[in-house]
2 protein chains.
Amino acid sequence: MEPSQEYMYAHVSIDCAIFGFDGNELNILLIEKEGTAAQKLPGSLIYQMEDTDSAAGRVLCELTGIRKMSLRQFRCFSSPDRAMDPDDVAWLEKTYGRPVGRLITIAYLSLCRINRTLSAAARRKAAHWCPVSDLPAMPFDHNRIAEEALCEIRQWTESEPAMLFELLPVKFTMAELRALYEAIYLRRFDIRNFCKKIARIPYIVRLDEKQTDVAHRAAHYYKFDRIAYNQLRQSM
Amino acid sequence: MEPSQEYMYAHVSIDCAIFGFDGNELNILLIEKEGTAAQKLPGSLIYQMEDTDSAAGRVLCELTGIRKMSLRQFRCFSSPDRAMDPDDVAWLEKTYGRPVGRLITIAYLSLCRINRTLSAAARRKAAHWCPVSDLPAMPFDHNRIAEEALCEIRQWTESEPAMLFELLPVKFTMAELRALYEAIYLRRFDIRNFCKKIARIPYIVRLDEKQTDVAHRAAHYYKFDRIAYNQLRQSM
DNA sequence: TCAAAAGTGTTCGATATACACCCATGC
DNA sequence: GCATGGGTGTATATCGAACACTTTTGA
């Protein structure tokens with residue numbers, strides 16, 4: 001068999017695009033590419049007896065301390081030249097203590113409250129939130145992964161709107177919810193129509209509690225009612 | 001490093017769920033698991049310098065002779081026990097002339113006219129269409145892949161309705177189109193409302209030509225107008 | 001009393017649903 | 001002339017889009 005016809009024998013990694021919402025814009029969690037000034041998506045080679053879903057869960061848990069974070073696999077990136085840059089090749093070898101060679105990655109999407117305290121491991125890796133409008137150039141194909149993850153968010157929240165509430169505080173105002181929709185769909189929503197639409201949704205419930213200490217009329221808080229959500233889903 | 005902590009080093013395959021439509025039901029293209037009586041999804045290990053998209057294109061082209069078949073990656077299957085059945089392990093070793101060990105697969109979805117003449121390679125592999133309601137037990141996790149592919153079709157055709165017309169003859173009747181929708185969405189559509197809806201779609205155009213040799217009033221043929229379709233998509 | 005954001009209602013057009021009858025053709 | 005499937009229209013409900021003013025609160 002000619003070299004070009006050898007069967008692929010590859011290391012497999014997962015990379016996670018973890019999004020947070022700062023009240024205005026989506027942010028993505030980047031970590032330092034250790035030993036360099038560059039930043040990258042969190043990710044890791046996976047272990048022999050692991051599947052990619054658990055590997056992604058492991059990486060997320062290491063960074064955020066959340067054990068059961070929801071995540072969604074959205075794409076395999078396997079271009080032969082995705083890990084051909086000499087810097088990247090050398091970095092892989094140093095990080096994993098061996099030559100890595102052919103490397104394919106399974107990309108995951110996850111959502112996280114942006115003010116959540118990250119783990120010590122995250123601090124060591126200088127994890128930080130970066131607005132999606134201002135992403136740096138990243139190693140491997142991480143810029144492409146981040147881009148495709150952004151598109152994927154829309155599809156995910158359409159098929160499972162409960163995901164949205166992983167980006168918001170437990171109690172949130174209508175304005176915050178609307179800002180989130182605007183950040184995801186990259187368009188404006190009319191306030192009046194938006195309120196009407198939300199009012200029709202049984203699993204978003206208005207609380208009696210209102211904002212305090214605001215320099216204008218205080219807004220009501222709302223919360224996500226998971227029980228009502230599950231009931232609604234079941235009946236569909 | 002303990003054995004359980006070894007980094008995964010794996011062979012990578014692609015598996016294709018190729019759907020056809022027999023006028024009544026979706027069918028999926030199965031091939032013989034060579035040397036056995038079992039049937040499986042078409043697939044193959046991929047080569048070292050290939051990415052998964054081209055590998056899937058290669059496998060599809062080998063079977064159907066279509067060079068530019070549209071296909072959609074939808075999921076990586078990587079459970080450690082997906083290729084642990086002793087029969088499957090032995091079959092892999094025999095087929096690929098080596099022990100294969102850890103194997104992950106990237107699953108693809110594709111659509112094909114069911115009356116298309118398949119290639120000589122397909123005939124050698126006893127390729128045949130199998131109604132999705134009547135799938136046999138298949139090796140590896142191919143049953144699960146087929147199931148998830150079925151769900152994926154709906155999402156694909158919603159985001160890219162042009163895909164539907166890869167399942168229909170070039171000229172098709174309204175009844176055929178409706179039957180296809182019914183097969184995909186597993187529900188009935190009211191004939192009158194369906195016709196109205198289709199009539200509003202600019203890229204489905206009615207031809208003057210009608211059926212002949214039918215024992216009742218002849219139906220008009222319709223065709224898919226790709227130019228109108230692309231124009232519509234661009235303007236969105 | 002002013003600034004700033006909250007909150008609310010009506011109208012209109014488009015779309016989805018429900019439903020029943022006449023038409024063309026081959027036998 | 002009848003059986004078979006083709007083809008059409010109307011009424012209603014729902015949803016999304018457009019659009020402007022009053023209310024509350026703190027400064």
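For the numbers below, each heavy atom of this structure counts, side chains included, while hydrogens, waters and symmetry mates do not. The structure displayed is predicted, hence computed values, not measured ones.
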- [ ] Quick one: closest heavy-atom pair of Pro136(B) and Cys130(B), and the distance?
- [x] CD-SG, 3.9 Å
Mind calculating the distance between [atom1] ([X]) and [atom2] ([N]) to the nearest angstrom?
{"X": "Arg200(B)", "N": "dG13(C)", "atom1": "CZ", "atom2": "C1'", "result": "13 Å"}
{"X": "Ile191(A)", "N": "dG9(C)", "atom1": "CD1", "atom2": "P", "result": "15 Å"}
{"X": "Arg178(A)", "N": "dT8(C)", "atom1": "CZ", "atom2": "P", "result": "14 Å"}
{"X": "Ile198(B)", "N": "dT15(C)", "atom1": "CD1", "atom2": "P", "result": "13 Å"}
{"X": "Met174(B)", "N": "dG7(D)", "atom1": "CE", "atom2": "P", "result": "7 Å"}

TODO: Before giving the answer on ring-ring contact (aromatic ring centres under 6.0 Å, His included), spell out for Phe74(B) and Tyr108(B) the whole-Å C-alpha distance, their side-chain angles and the decisive distance to 0.1 Å.
DONE: CA-CA 6 Å; Phe74(B) 69 93; Tyr108(B) 281 79; 8.1 Å; no
TODO: Could you pick out which residue, Tyr222(B) or Phe189(A), lies toward the 5' side of DNA chain D when each is mapped onto its nearest nucleotide?
DONE: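 Result of the comparison: Tyr222(B).
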- [ ] Can you check each nucleotide of nucleotides 19-27 of chain D against protein heavy atoms at under 4.0 Å and return B for base, S for sugar-phosphate only, - for none, in 5' to 3' order?
- [x] BB--BBBS-
Open item on the list: Regarding Arg206(A), tell me which of base, sugar-phosphate or nothing describes its non-hydrogen contacts under 4.0 Å with the strands shown.
Closed with: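 Sugar-phosphate, no base atom in range.
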- [ ] Tell me what Arg188(A) touches on the nucleic acid: a base, only sugar-phosphate, or nothing, going by heavy atoms under 4.0 Å.
- [x] nothing
Task: Set of side-chain contact (heavy atoms from CB on, under 4.5 Å) partners for Asp22(B), sequence neighbours left out - done: Asn24(B), Glu25(B), Asn27(B), Ile114(B)
Open item on the list: Main chain of Met163(B), side chain of Glu166(B): is a donor-acceptor contact present, judged purely on distance under 3.5 Å?
Closed with: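 Such a contact is absent between Glu166(B) side chain and Met163(B) backbone.
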- [ ] Please check if the distance between the ring centroids of Tyr221(B) and Phe172(B) is under 6.0 Å.
- [x]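 No: the rings miss the under 6.0 Å criterion.
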Open item on the list: Do Cys76(B) and Gln73(A) make a side-chain contact, defined as non-hydrogen atoms from C-beta onward lying under 4.5 Å apart?
Closed with: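 Cys76(B) vs Gln73(A): side chains touch.
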Open item on the list: Does dG7(D) have OP1 or OP2 under 4.0 Å away from a side-chain N or O of His220(B)?
Closed with: yes
